Amino acid sequence: MPQIFALADVNAMYCACESVFDPRLRGRAVVVASNNDGCAVARNQQAKALGVKMGQPIFELKDLMENHGLVVCSSNYALYGDMSFRFMQVLAECAPRVIPYSIDEAFMDLTGINTVVSFEDFGVQVKAKVAQWTGLPICVGISTSPTLSKLANHGAKKYPATKGVVDLTDRDRQRKLLSLVPVSEIWGIGSRISKRLEELGIKNGLQLADADPKWIRKHFSVVVERTVRELNGIPCHDDLLEVGAAKKQILTSKSFGTPVTQLATMLAAVTTHATRAAEKLRGERREAGFLSVFMSTSRYADGERYANQQGLTLPFPTADTREIVRHAVKLARTLWRDGYRYNKAGIMLSDFREPGACQSDFFNPIEDTDRAKGLMSTLDRINSISGKGSVKFGREFHKDRSWQMRRGNLSPAYTTRWADIPVVKC
DNA sequence: TCTGGGGTCCTAGGACCC
DNA sequence: TCTGGGGTCCTAGGACCC
(Lines give C-alpha, C1' and ligand atoms only; values in the text may rest on other atoms or scores of the structure.)
Protein backbone atom coordinates (compact mmCIF):
# COMPACT_ATOMS: atom_id res chain seq x y z
CA MET A 1 0.00 0.00 0.00
CA PRO A 2 1.54 3.34 -0.98
CA GLN A 3 2.20 5.85 1.74
CA ILE A 4 -0.16 8.84 1.62
CA PHE A 5 0.56 12.24 3.10
CA ALA A 6 -1.76 15.15 3.75
CA LEU A 7 -0.67 18.69 4.43
CA ALA A 8 -3.10 20.91 6.33
CA ASP A 9 -2.20 24.55 6.42
CA VAL A 10 -4.00 27.62 7.80
CA ASN A 11 -4.60 30.39 5.25
CA ALA A 12 -2.77 33.56 6.30
CA MET A 13 -2.59 32.19 9.84
CA TYR A 14 -1.74 35.34 11.78
CA CYS A 15 -4.36 37.44 9.99
CA ALA A 16 -6.92 34.68 10.52
CA CYS A 17 -6.21 34.57 14.28
CA GLU A 18 -6.76 38.33 14.53
CA SER A 19 -10.01 38.10 12.55
CA VAL A 20 -11.44 35.24 14.61
CA PHE A 21 -11.66 37.49 17.67
CA ASP A 22 -12.25 40.85 16.05
CA PRO A 23 -15.26 40.79 13.71
CA ARG A 24 -14.51 44.32 12.56
CA LEU A 25 -11.55 42.91 10.61
CA ARG A 26 -13.63 40.51 8.54
CA GLY A 27 -13.77 41.44 4.90
CA ARG A 28 -11.04 44.04 5.35
CA ALA A 29 -7.44 43.98 4.20
CA VAL A 30 -5.31 42.88 7.16
CA VAL A 31 -1.55 42.68 7.60
CA VAL A 32 0.37 41.40 10.61
CA ALA A 33 3.71 43.08 11.26
CA SER A 34 6.96 41.51 12.45
CA ASN A 35 8.53 42.41 15.76
CA ASN A 36 8.98 46.14 16.24
CA ASP A 37 6.19 46.62 13.70
CA GLY A 38 8.99 46.42 11.15
CA CYS A 39 7.64 44.67 8.09
CA ALA A 40 4.67 42.63 6.88
CA VAL A 41 4.96 38.93 7.74
CA ALA A 42 1.38 37.90 7.02
CA ARG A 43 -1.27 39.33 4.76
CA ASN A 44 -4.77 38.18 3.93
CA GLN A 45 -6.31 37.90 0.47
CA GLN A 46 -7.60 41.48 0.49
CA ALA A 47 -4.21 42.83 1.53
CA LYS A 48 -2.55 40.88 -1.27
CA ALA A 49 -5.09 42.38 -3.67
CA LEU A 50 -4.01 45.84 -2.51
CA GLY A 51 -0.48 44.89 -3.53
CA VAL A 52 1.14 44.45 -0.12
CA LYS A 53 4.29 42.36 -0.53
CA MET A 54 5.67 39.77 1.86
CA GLY A 55 8.36 41.46 3.96
CA GLN A 56 7.40 44.95 2.87
CA PRO A 57 8.32 47.63 5.44
CA ILE A 58 5.29 48.89 7.35
CA PHE A 59 6.23 52.54 6.85
CA GLU A 60 5.66 52.04 3.13
CA LEU A 61 2.04 51.05 3.76
CA LYS A 62 0.95 54.38 5.19
CA ASP A 63 -1.08 55.39 2.14
CA LEU A 64 -2.92 52.07 2.04
CA MET A 65 -3.75 52.40 5.74
CA GLU A 66 -5.03 55.94 5.44
CA ASN A 67 -6.85 55.71 2.14
CA HIS A 68 -7.71 52.08 1.50
CA GLY A 69 -8.72 50.75 4.89
CA LEU A 70 -5.70 48.48 5.37
CA VAL A 71 -5.39 47.34 9.00
CA VAL A 72 -1.93 46.61 10.45
CA CYS A 73 -1.77 44.45 13.59
CA SER A 74 1.34 44.02 15.72
CA SER A 75 2.35 40.39 16.07
CA ASN A 76 0.77 38.62 19.02
CA TYR A 77 2.63 35.35 19.38
CA ALA A 78 0.85 34.37 22.59
CA LEU A 79 -2.38 34.29 20.58
CA TYR A 80 -0.96 32.57 17.48
CA GLY A 81 0.86 29.95 19.53
CA ASP A 82 -2.28 29.04 21.43
CA MET A 83 -4.43 28.93 18.30
CA SER A 84 -1.80 26.72 16.67
CA PHE A 85 -2.05 24.32 19.60
CA ARG A 86 -5.84 24.13 19.18
CA PHE A 87 -5.51 23.58 15.43
CA MET A 88 -3.07 20.69 15.97
CA GLN A 89 -5.41 19.16 18.54
CA VAL A 90 -8.26 19.08 16.04
CA LEU A 91 -6.00 17.38 13.48
CA ALA A 92 -5.00 14.82 16.08
CA GLU A 93 -8.71 13.97 16.47
CA CYS A 94 -8.93 13.25 12.75
CA ALA A 95 -5.78 11.35 11.76
CA PRO A 96 -3.78 8.54 13.39
CA ARG A 97 -0.47 10.37 13.01
CA VAL A 98 0.05 14.15 12.90
CA ILE A 99 3.45 15.79 12.52
CA PRO A 100 3.39 19.55 13.20
CA TYR A 101 5.77 21.22 10.79
CA SER A 102 5.42 24.89 11.66
CA ILE A 103 3.08 27.15 13.58
CA ASP A 104 0.43 26.98 10.86
CA GLU A 105 0.84 23.61 9.14
CA ALA A 106 1.11 19.92 9.82
CA PHE A 107 1.58 16.72 7.86
CA MET A 108 -0.74 13.78 8.45
CA ASP A 109 -0.14 10.16 7.60
CA LEU A 110 -3.25 8.96 5.75
CA THR A 111 -1.90 5.63 4.54
CA GLY A 112 -4.79 3.20 4.20
CA ILE A 113 -7.45 5.66 5.33
CA ASN A 114 -9.21 5.41 1.96
CA THR A 115 -10.55 2.00 2.90
CA VAL A 116 -12.89 3.97 5.19
CA VAL A 117 -13.42 7.33 3.49
CA SER A 118 -12.18 8.84 0.23
CA PHE A 119 -9.17 11.13 0.54
CA GLU A 120 -11.14 14.07 -0.70
CA ASP A 121 -14.00 13.51 1.77
CA PHE A 122 -11.44 13.19 4.54
CA GLY A 123 -9.99 16.58 3.61
CA VAL A 124 -13.43 18.17 3.49
CA GLN A 125 -14.25 16.82 6.95
CA VAL A 126 -10.98 18.03 8.50
CA LYS A 127 -11.48 21.46 7.01
CA ALA A 128 -15.01 21.69 8.39
CA LYS A 129 -13.98 20.51 11.83
CA VAL A 130 -11.11 22.99 12.10
CA ALA A 131 -13.44 25.79 10.99
CA GLN A 132 -16.07 24.79 13.53
CA TRP A 133 -13.77 24.29 16.50
CA THR A 134 -11.23 27.07 15.98
CA GLY A 135 -12.68 29.47 13.40
CA LEU A 136 -9.55 29.12 11.26
CA PRO A 137 -9.77 28.59 7.47
CA ILE A 138 -7.46 25.86 6.16
CA CYS A 139 -6.51 24.10 2.93
CA VAL A 140 -5.70 20.41 2.64
CA GLY A 141 -3.46 18.78 0.03
CA ILE A 142 -3.14 15.00 -0.26
CA SER A 143 -0.58 13.02 -2.24
CA THR A 144 2.09 10.33 -2.28
CA SER A 145 5.07 12.29 -0.90
CA PRO A 146 5.44 15.32 1.38
CA THR A 147 6.61 17.52 -1.52
CA LEU A 148 3.63 16.48 -3.65
CA SER A 149 1.22 17.09 -0.76
CA LYS A 150 2.71 20.58 -0.53
CA LEU A 151 2.01 20.96 -4.24
CA ALA A 152 -1.55 19.72 -3.75
CA ASN A 153 -2.01 22.26 -0.96
CA HIS A 154 -0.69 24.98 -3.23
CA GLY A 155 -3.31 23.97 -5.81
CA ALA A 156 -6.05 24.00 -3.19
CA LYS A 157 -5.11 27.57 -2.27
CA LYS A 158 -4.73 28.80 -5.81
CA TYR A 159 -7.87 27.38 -7.43
CA PRO A 160 -11.13 28.36 -5.66
CA ALA A 161 -13.03 25.64 -7.54
CA THR A 162 -11.26 23.05 -5.37
CA LYS A 163 -12.96 24.50 -2.27
CA GLY A 164 -9.67 24.18 -0.42
CA VAL A 165 -9.12 20.44 -0.75
CA VAL A 166 -7.08 18.65 -3.43
CA ASP A 167 -6.58 14.89 -3.75
CA LEU A 168 -3.43 14.56 -5.83
CA THR A 169 -2.81 10.84 -5.47
CA ASP A 170 -3.44 10.18 -9.15
CA ARG A 171 -0.25 10.25 -11.28
CA ASP A 172 -1.87 11.97 -14.27
CA ARG A 173 -3.29 14.72 -12.06
CA GLN A 174 0.15 15.15 -10.49
CA ARG A 175 1.75 15.63 -13.89
CA LYS A 176 -0.96 18.01 -15.00
CA LEU A 177 -0.55 20.27 -11.95
CA LEU A 178 3.26 20.03 -12.09
CA SER A 179 3.19 21.29 -15.67
CA LEU A 180 1.23 24.39 -14.57
CA VAL A 181 3.55 25.35 -11.70
CA PRO A 182 6.77 27.35 -12.14
CA VAL A 183 9.76 25.50 -10.73
CA SER A 184 10.29 28.23 -8.11
CA GLU A 185 6.96 27.25 -6.50
CA ILE A 186 8.15 23.73 -5.72
CA TRP A 187 8.88 23.17 -2.04
CA GLY A 188 12.65 23.14 -1.51
CA ILE A 189 13.46 25.14 -4.64
CA GLY A 190 14.32 28.68 -3.60
CA SER A 191 15.27 31.73 -5.63
CA ARG A 192 18.93 30.80 -6.22
CA ILE A 193 18.33 27.27 -7.36
CA SER A 194 15.29 28.11 -9.48
CA LYS A 195 17.33 30.71 -11.31
CA ARG A 196 20.03 28.18 -12.13
CA LEU A 197 17.44 25.57 -13.11
CA GLU A 198 15.76 28.01 -15.47
CA GLU A 199 19.09 28.76 -17.11
CA LEU A 200 19.39 25.04 -17.77
CA GLY A 201 15.95 24.98 -19.38
CA ILE A 202 13.99 23.58 -16.43
CA LYS A 203 11.17 26.03 -16.00
CA ASN A 204 8.19 24.15 -14.57
CA GLY A 205 7.57 21.43 -12.01
CA LEU A 206 7.05 18.72 -14.60
CA GLN A 207 10.41 19.39 -16.26
CA LEU A 208 12.05 19.08 -12.85
CA ALA A 209 10.18 15.85 -12.08
CA ASP A 210 11.38 14.41 -15.40
CA ALA A 211 15.01 15.44 -14.93
CA ASP A 212 17.60 12.71 -14.29
CA PRO A 213 18.24 12.61 -10.52
CA LYS A 214 21.94 11.73 -11.05
CA TRP A 215 22.42 14.71 -13.33
CA ILE A 216 20.62 16.95 -10.81
CA ARG A 217 22.88 15.72 -8.05
CA LYS A 218 25.97 16.47 -10.09
CA HIS A 219 24.88 20.01 -10.91
CA PHE A 220 23.16 20.85 -7.63
CA SER A 221 23.10 18.77 -4.49
CA VAL A 222 21.60 15.78 -2.80
CA VAL A 223 18.84 18.05 -1.50
CA VAL A 224 17.58 18.91 -4.98
CA GLU A 225 17.98 15.29 -6.04
CA ARG A 226 15.64 14.26 -3.23
CA THR A 227 13.11 16.85 -4.39
CA VAL A 228 13.13 15.28 -7.86
CA ARG A 229 12.44 11.86 -6.38
CA GLU A 230 9.69 13.27 -4.18
CA LEU A 231 8.03 14.77 -7.26
CA ASN A 232 7.89 11.24 -8.64
CA GLY A 233 6.08 9.98 -5.57
CA ILE A 234 9.08 8.53 -3.74
CA PRO A 235 9.03 9.87 -0.16
CA CYS A 236 12.51 11.06 0.92
CA HIS A 237 11.67 13.22 3.91
CA ASP A 238 12.02 10.63 6.68
CA ASP A 239 13.88 13.25 8.70
CA LEU A 240 10.82 15.48 8.66
CA LEU A 241 8.47 12.75 9.72
CA GLU A 242 10.32 11.77 12.84
CA VAL A 243 8.04 12.66 15.69
CA GLY A 244 9.46 14.87 18.40
CA ALA A 245 12.86 15.30 16.76
CA ALA A 246 15.14 17.10 19.20
CA LYS A 247 16.28 20.63 18.46
CA LYS A 248 19.91 21.17 17.56
CA GLN A 249 20.22 24.83 18.32
CA ILE A 250 18.32 27.55 20.13
CA LEU A 251 18.51 31.10 18.97
CA THR A 252 17.04 34.17 20.59
CA SER A 253 17.53 37.54 19.06
CA LYS A 254 15.60 40.67 18.25
CA SER A 255 16.27 43.95 16.65
CA PHE A 256 15.99 46.82 19.09
CA GLY A 257 13.05 49.20 19.36
CA THR A 258 15.53 52.08 19.11
CA PRO A 259 19.27 51.81 18.42
CA VAL A 260 21.51 50.97 21.38
CA THR A 261 24.60 53.11 22.04
CA GLN A 262 25.43 52.27 25.68
CA LEU A 263 27.24 49.10 26.77
CA ALA A 264 25.04 48.71 29.88
CA THR A 265 21.91 48.70 27.74
CA MET A 266 23.44 46.10 25.44
CA LEU A 267 24.33 43.91 28.41
CA ALA A 268 20.74 44.15 29.67
CA ALA A 269 19.46 43.01 26.28
CA VAL A 270 21.99 40.16 26.06
CA THR A 271 21.07 39.06 29.60
CA THR A 272 17.40 38.95 28.66
CA HIS A 273 18.12 36.90 25.54
CA ALA A 274 20.41 34.55 27.44
CA THR A 275 17.75 34.07 30.11
CA ARG A 276 15.13 33.32 27.51
CA ALA A 277 17.43 30.89 25.67
CA ALA A 278 18.23 29.05 28.92
CA GLU A 279 14.50 28.70 29.62
CA LYS A 280 13.92 27.24 26.16
CA LEU A 281 16.86 24.89 26.68
CA ARG A 282 15.42 23.57 29.95
CA GLY A 283 12.07 23.20 28.19
CA GLU A 284 13.82 20.83 25.76
CA ARG A 285 15.39 19.00 28.73
CA ARG A 286 18.87 19.55 27.36
CA GLU A 287 22.15 21.11 28.36
CA ALA A 288 24.24 23.18 25.95
CA GLY A 289 27.97 22.77 25.33
CA PHE A 290 28.43 25.78 23.09
CA LEU A 291 27.28 29.38 23.23
CA SER A 292 27.71 32.26 20.88
CA VAL A 293 26.75 35.93 21.00
CA PHE A 294 26.32 38.34 18.10
CA MET A 295 25.59 42.03 17.67
CA SER A 296 25.35 44.32 14.69
CA THR A 297 24.38 47.73 13.39
CA SER A 298 21.61 48.12 10.85
CA ARG A 299 22.09 46.93 7.27
CA TYR A 300 20.16 49.97 6.12
CA ALA A 301 21.80 52.72 8.16
CA ASP A 302 24.34 55.08 6.64
CA GLY A 303 27.95 54.93 7.76
CA GLU A 304 30.28 52.07 8.57
CA ARG A 305 28.59 48.79 9.44
CA TYR A 306 29.73 46.69 12.37
CA ALA A 307 28.64 43.06 12.71
CA ASN A 308 30.45 40.53 14.80
CA GLN A 309 29.95 37.28 16.64
CA GLN A 310 31.96 35.13 18.98
CA GLY A 311 31.47 31.62 20.27
CA LEU A 312 32.68 29.76 23.31
CA THR A 313 32.81 26.12 24.34
CA LEU A 314 31.37 26.05 27.85
CA PRO A 315 33.63 24.58 30.55
CA PHE A 316 30.94 21.93 31.03
CA PRO A 317 27.46 21.53 29.46
CA THR A 318 24.82 23.43 31.37
CA ALA A 319 21.25 24.72 31.36
CA ASP A 320 21.85 27.05 34.31
CA THR A 321 20.72 30.58 33.54
CA ARG A 322 23.45 32.06 35.74
CA GLU A 323 26.23 30.26 33.87
CA ILE A 324 24.79 31.05 30.47
CA VAL A 325 24.27 34.72 31.35
CA ARG A 326 27.76 35.01 32.81
CA HIS A 327 29.47 33.71 29.67
CA ALA A 328 27.14 35.61 27.34
CA VAL A 329 27.90 38.90 29.10
CA LYS A 330 31.62 38.16 28.93
CA LEU A 331 31.40 37.58 25.18
CA ALA A 332 29.23 40.66 24.69
CA ARG A 333 31.87 42.81 26.40
CA THR A 334 34.57 41.60 24.05
CA LEU A 335 32.37 42.19 21.01
CA TRP A 336 31.33 45.69 22.03
CA ARG A 337 32.86 48.67 20.22
CA ASP A 338 32.03 52.19 21.30
CA GLY A 339 30.58 54.65 18.82
CA TYR A 340 28.17 52.44 16.91
CA ARG A 341 24.37 52.51 16.85
CA TYR A 342 23.53 48.84 17.35
CA ASN A 343 20.20 47.63 16.04
CA LYS A 344 20.32 43.97 16.93
CA ALA A 345 21.86 41.42 19.27
CA GLY A 346 21.25 37.80 20.08
CA ILE A 347 22.54 34.56 21.46
CA MET A 348 22.72 31.03 20.14
CA LEU A 349 23.06 27.79 22.11
CA SER A 350 24.12 24.51 20.51
CA ASP A 351 25.96 21.21 21.00
CA PHE A 352 23.16 19.79 23.15
CA ARG A 353 23.42 16.81 25.48
CA GLU A 354 21.17 14.99 27.89
CA PRO A 355 21.41 16.47 31.39
CA GLY A 356 24.07 14.70 33.43
CA ALA A 357 25.58 13.02 30.36
CA CYS A 358 28.84 14.80 31.10
CA GLN A 359 30.82 15.02 34.31
CA SER A 360 30.83 18.57 35.61
CA ASP A 361 34.07 20.31 36.40
CA PHE A 362 34.99 19.62 40.00
CA PHE A 363 36.70 22.97 40.47
CA ASN A 364 34.12 25.18 38.83
CA PRO A 365 32.51 27.79 41.11
CA ILE A 366 28.96 26.96 40.03
CA GLU A 367 28.61 23.23 39.82
CA ASP A 368 25.57 21.82 38.10
CA THR A 369 24.49 20.23 41.29
CA ASP A 370 21.02 19.13 42.24
CA ARG A 371 20.68 22.37 44.15
CA ALA A 372 21.33 24.51 41.09
CA LYS A 373 18.91 22.42 39.04
CA GLY A 374 16.31 22.72 41.78
CA LEU A 375 16.71 26.48 41.73
CA MET A 376 16.22 26.62 37.95
CA SER A 377 13.13 24.42 37.95
CA THR A 378 11.64 26.46 40.80
CA LEU A 379 12.29 29.59 38.79
CA ASP A 380 10.62 28.07 35.72
CA ARG A 381 7.64 26.95 37.79
CA ILE A 382 7.09 30.39 39.35
CA ASN A 383 7.32 32.06 35.95
CA SER A 384 4.91 29.60 34.41
CA ILE A 385 2.31 30.04 37.18
CA SER A 386 2.66 33.76 37.83
CA GLY A 387 3.43 34.90 34.31
CA LYS A 388 6.56 35.30 32.25
CA GLY A 389 9.26 37.41 33.88
CA SER A 390 7.79 37.32 37.42
CA VAL A 391 11.23 36.40 38.68
CA LYS A 392 14.15 37.99 36.82
CA PHE A 393 17.88 38.41 37.02
CA GLY A 394 19.39 41.69 38.23
CA ARG A 395 20.87 43.00 35.01
CA GLU A 396 17.51 42.74 33.23
CA PHE A 397 16.30 45.63 35.40
CA HIS A 398 18.53 48.16 33.68
CA LYS A 399 16.65 51.46 33.57
CA ASP A 400 16.97 51.98 29.81
CA ARG A 401 14.16 49.92 28.29
CA SER A 402 14.19 51.60 24.90
CA TRP A 403 15.73 48.55 23.22
CA GLN A 404 12.59 46.53 23.77
CA MET A 405 10.04 45.75 21.12
CA ARG A 406 7.68 48.26 19.67
CA ARG A 407 4.19 46.83 19.28
CA GLY A 408 1.97 49.80 18.60
CA ASN A 409 -1.14 47.88 17.64
CA LEU A 410 -1.18 44.74 19.75
CA SER A 411 -4.37 42.73 20.08
CA PRO A 412 -5.42 41.27 23.46
CA ALA A 413 -4.26 37.80 24.54
CA TYR A 414 -7.80 36.53 23.92
CA THR A 415 -7.11 32.91 24.76
CA THR A 416 -4.25 32.97 27.25
CA ARG A 417 -4.98 35.75 29.76
CA TRP A 418 -8.09 35.77 31.96
CA ALA A 419 -8.53 39.53 31.76
CA ASP A 420 -8.47 39.46 27.95
CA ILE A 421 -11.14 36.84 27.32
CA PRO A 422 -13.75 38.31 24.96
CA VAL A 423 -17.11 39.15 26.53
CA VAL A 424 -20.34 38.81 24.58
CA LYS A 425 -22.92 41.40 25.64
CA CYS A 426 -26.58 40.62 25.09
C1' DT B 1 12.23 58.13 11.78
C1' DC B 2 10.74 53.17 10.53
C1' DT B 3 13.30 47.09 6.75
C1' DG B 4 11.72 40.01 11.42
C1' DG B 5 13.03 35.90 14.01
C1' DG B 6 13.92 31.10 14.39
C1' DG B 7 15.17 27.01 12.48
C1' DT B 8 17.28 22.86 9.28
C1' DC B 9 20.56 20.46 6.26
C1' DC B 10 24.60 20.16 3.27
C1' DT B 11 29.23 21.20 1.52
C1' DA B 12 33.87 22.77 1.25
C1' DG B 13 38.09 23.40 3.24
C1' DG B 14 41.50 23.34 6.96
C1' DA B 15 43.73 20.91 10.80
C1' DC B 16 45.28 16.87 12.31
C1' DC B 17 46.39 11.93 12.44
C1' DC B 18 48.42 7.62 10.74
C1' DT C 1 67.51 14.71 -2.22
C1' DC C 2 63.16 12.45 -2.47
C1' DT C 3 57.78 14.36 0.36
C1' DG C 4 51.30 10.07 -0.40
C1' DG C 5 46.83 9.23 0.44
C1' DG C 6 43.02 8.41 3.21
C1' DG C 7 40.36 9.24 7.16
C1' DT C 8 38.01 12.19 10.83
C1' DC C 9 36.55 16.27 13.06
C1' DC C 10 35.39 21.01 13.13
C1' DT C 11 33.69 25.36 11.38
C1' DA C 12 31.97 28.77 8.24
C1' DG C 13 28.94 29.73 4.91
C1' DG C 14 25.26 28.81 1.57
C1' DA C 15 20.66 27.53 0.61
C1' DC C 16 16.28 26.61 2.03
C1' DC C 17 11.84 26.86 4.94
C1' DC C 18 7.93 29.28 7.60
Side-chain angles (χ1 to χ4, degrees), chain A residues 7 9-14 31-43 52-62 65 72 74-75 77 80-81 84 100-107 146-147 150 153-154 183-197 217-218 220-227 236-242 245-259 273 276-277 280-281 284 289-290 292 294 296-302 307-313 341 343-352 402 405-409:
Chain A
L7 178 71
D9 161 311
V10 181
N11 308 338
M13 165 89 173
Y14 299 170
V31 157
V32 174
S34 65
N35 292 311
N36 287 319
D37 295 342
C39 59
V41 291
R43 64 238 210 275
V52 179
K53 298 273 179 294
M54 191 65 176
Q56 191 170 2
I58 298 303
F59 68 84
E60 290 180 9
L61 303 178
K62 221 167 164 187
M65 291 161 73
V72 174
S74 301
S75 46
Y77 285 101
Y80 313 148
S84 173
Y101 177 67
S102 72
I103 193 163
D104 70 341
E105 65 190 310
F107 288 97
T147 304
K150 271 272 190 187
N153 192 286
H154 173 79
V183 74
S184 58
E185 295 284 340
I186 301 293
W187 190 42
I189 306 298
S191 59
R192 301 294 178 94
I193 295 193
S194 61
K195 189 155 171 258
R196 282 173 56 205
L197 282 168
R217 174 159 199 164
K218 216 176 99 197
F220 296 89
S221 69
V222 65
V223 185
V224 184
E225 181 194 7
R226 283 205 281 256
T227 298
C236 301
H237 268 292
D238 351 342
D239 54 324
L240 175 107
L241 300 181
E242 258 172 55
K247 280 193 187 173
K248 299 187 174 164
Q249 55 167 280
I250 286 172
L251 199 141
T252 58
S253 96
K254 273 187 182 60
S255 42
F256 300 129
T258 53
H273 285 137
R276 190 72 204 91
K280 287 194 209 170
L281 182 62
E284 292 281 313
F290 191 84
S292 85
F294 53 90
S296 63
T297 60
S298 171
R299 268 198 304 261
Y300 303 98
D302 293 334
N308 206 353
Q309 69 87 33
Q310 199 172 1
L312 161 88
T313 301
R341 290 163 54 80
N343 97 121
K344 183 174 182 172
I347 158 168
M348 194 182 87
L349 301 175
S350 57
D351 189 16
F352 296 160
S402 63
M405 249 198 279
R406 283 192 310 268
R407 289 201 286 188
N409 197 12

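If you're wondering where the values come from, they're calculated on a predicted model, not measured in any experiment. Below, all heavy atoms of this structure are taken into account, side chains as well, without hydrogens, waters or symmetry copies. Below, chain A is the first sequence line, B the second, and so on; all start at residue 1.
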Answer yes or no as to whether B/dT3 has its base stacked against A/Phe59, where stacking requires a ring-centre separation under 5.5 angstrom and planes under 30 degrees apart. no
Can you classify the ring geometry of A/Trp187 versus A/His237 as parallel (below 30°), tilted (30 to 60°) or perpendicular (above 60°)? tilted
Has the side chain of A/Ser74 got a donor or acceptor atom that lies under 3.5 Å from a matching backbone atom of A/Gly408? yes
Which of B/dT1, B/dG5, C/dC16 is nearest the side chain of A/Lys344? It is B/dG5
Mind calculating the distance between CD (A/Glu185) and P (C/dC17) to the nearest angstrom? 10 Å
Selected nucleotide, minimal atom distance to A/Asn35 side chain, candidates B/dG4, C/dC18, B/dC9: B/dG4
Heavy atoms, side chains only, cut-off 4.5 Å: are A/Met13 and A/Ser84 in contact? yes
Is there a donor-acceptor contact under 3.5 Å from the side chain of A/Arg43 to the main chain of A/Val52? yes
Compare the minimum distances between each of C/dC18, B/dT3, B/dG5 and the side chain of A/Lys254, then state the nucleotide with the smallest one. B/dG5
With respect to the side chain of A/Val222, which nucleotide from B/dT8, B/dG4, B/dT11 is positioned closest? B/dT11
Return the nearest nucleotide to the side chain of A/Ser191; candidates are C/dC16, B/dT11, B/dT3. C/dC16
Has the side chain of A/Asp351 got a donor or acceptor atom that lies under 3.5 Å from a matching backbone atom of A/Phe290? no
Contact class for A/Ser75 (heavy atom, under 4.0 Å): base, sugar-phosphate, or nothing? nothing
Of the listed B/dG4, C/dC18, B/dC2, the closest approach to the A/Arg406 side chain comes from B/dC2
Roughly, in whole Å, what's the span from CG in A/Leu61 to P in B/dG4? 13 Å
May I ask you to verify if any side-chain N or O of A/Ser253 is less than 4.0 angstrom from the OP1 or OP2 atom of B/dG6? yes
Rounded to the nearest angstrom, tell me the gap between atom CG in A/Asp9 and atom C1' in C/dC17. 13 Å
In whole Å, I'd like the distance from the CE atom of A/Met54 to the C1' atom of C/dC18. 8 Å
Judged by nearest nucleotide, the residue sitting upstream toward the 5' end of DNA chain B, A/Val223 or A/Cys39, is A/Cys39
By the 4.0 Å heavy-atom rule, please label A/Gln249 as base, sugar-phosphate, or nothing. base
With rounding to the nearest 0.5 angstrom, report the OG to CD distance, A/Ser296 to A/Gln309. 11.5 Å
If you look at every strand shown and take non-hydrogen atoms under 4.0 Å, does A/Asp37 touch a base, only sugar-phosphate, or nothing? nothing
Select base, sugar-phosphate, or nothing to describe what A/Ile250 touches, counting heavy atoms under 4.0 Å on all strands. sugar-phosphate
Considering only atom C1', compute the distance from C/dG4 to B/dC17 and round it to an integer number of Å. 14 Å
Taken to the nearest whole Å, CD/A/Gln310 to P/C/dT11 is 13 Å
Minimum-distance nucleotide to A/Ser255 side chain [options: B/dG4, C/dC18, B/dC2]: B/dG4
Sugar-phosphate only, base, or nothing, as touched by A/Arg226 at under 4.0 Å among non-hydrogen atoms: sugar-phosphate
From CD1 of A/Ile347 across to C1' of B/dG6 the rounded distance in Å is 14 Å
What does A/Leu251 touch in the nucleic acid at a heavy-atom separation under 4.0 angstrom: a base, only the sugar-phosphate, or nothing? sugar-phosphate
Tell me the interatomic distance from A/Ile189, atom CD1, to B/dC9, atom C1', rounded to whole angstroms. 14 Å
Which atoms form the tightest heavy-atom contact between A/Ile347 and A/His273, and what is the distance? CG2-CB, 3.4 Å
Check whether any side-chain heavy atom of A/Asn35 sits under 4.5 Å from a side-chain heavy atom of A/Ser75, and report yes or no. yes
Map A/Ser221 and A/Lys62 onto DNA chain B by nearest heavy atom, then report which one ends up closer to the 5' terminus. A/Lys62
Of the listed nucleotides (B/dC10, C/dC17, B/dG6), which one gets closest to any side-chain atom of A/Lys150? C/dC17
Please report the distance, rounded to the nearest Å, between CZ in A/Phe294 and C1' in B/dG4. 12 Å
5'-to-3' dot-bracket of DNA chain C (Watson-Crick, G-U; under 3.5 angstrom; crossing pairs as [ ]; | other strand): ....||||||||||||||
For a quick check of understanding: with a heavy-atom distance under 4.0 Å over all strands, which category does A/Lys280 fall into, base, sugar-phosphate or nothing? sugar-phosphate
Any side-chain to backbone donor/acceptor pair from A/Ser350 onto A/Gln249? Under 3.5 Å, distance only. no
Taking the side chain of A/Tyr101 as its heavy atoms from C-beta onward, which of C/dC17, C/dA15, B/dG7 lies nearest to it? C/dC17
